[in-house]
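Working notes for the structure below.
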Amino acid sequence: MLSSKVIHVDGVFLGTAIMSGSLNTLRFYATHESVRALHNACMPDFGALYAQVRSLFNRSRLLTPQVA
């Protein structure tokens with residue numbers, strides 16, 4: 001691992017983007033259940049990875065009933 005960057009949306013920690021030296025790509029380490037489908041996904045840049053994670057997280061919030 002060369003470096004990593006935390007990914008969070010609206011204050012919710014979703015996982016970490018990990019820079020791999022061998023392929024020069026980012027690998028996503030999911031820590032939140034709502035984005036588990038993207039665990040170990042590889043993307044060429046942080047913006048693309050963040051957009052995918054944010055989109056999946058926001059979709060899961062729409063489908064999950066809110067408890068009052």
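For reference, positions follow the sequence shown, starting with 1.
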If hydrophobic clusters are built by linking Ile, Leu, Val, Met, Phe, Trp and Tyr wherever their side-chain heavy atoms come under 4.5 Å apart, do Val12 and Val53 end up in the same one? yes
Would a distance-only check, ignoring hydrogens and angles, find a side-chain to backbone donor-acceptor pair under 3.5 Å from Thr31 to Leu14? yes
His39/Tyr29 aromatic ring centres below 6.0 Å: yes
Can you name the closest pair of heavy atoms from Phe46 and Leu26 and give their distance? N-CD1, 3.2 Å
Supply the atom-to-atom distance His32 NE2 to Ile7 CD1, rounded to the nearest 0.5 angstrom. 13.5 Å
Between atom CZ of Phe57 and atom CD of Glu33, what is the distance when rounded to the nearest 0.5 Å? 12.5 Å
If every non-hydrogen atom of Val35 is compared with every non-hydrogen atom of Leu56, which pair is closest and at what distance? CA-CD2, 3.6 Å
Shortest non-hydrogen pair, Thr25 vs Met19, comes out as O-SD, 3.5 Å
Is it true that a side-chain atom of Ser55 and a backbone atom of Gln52 form a donor plus acceptor pair closer than 3.5 Å? no
Measuring from atom CZ of Arg27 to atom CG of Leu38, what distance do you get when rounded to the nearest 0.5 angstrom? 13.0 Å
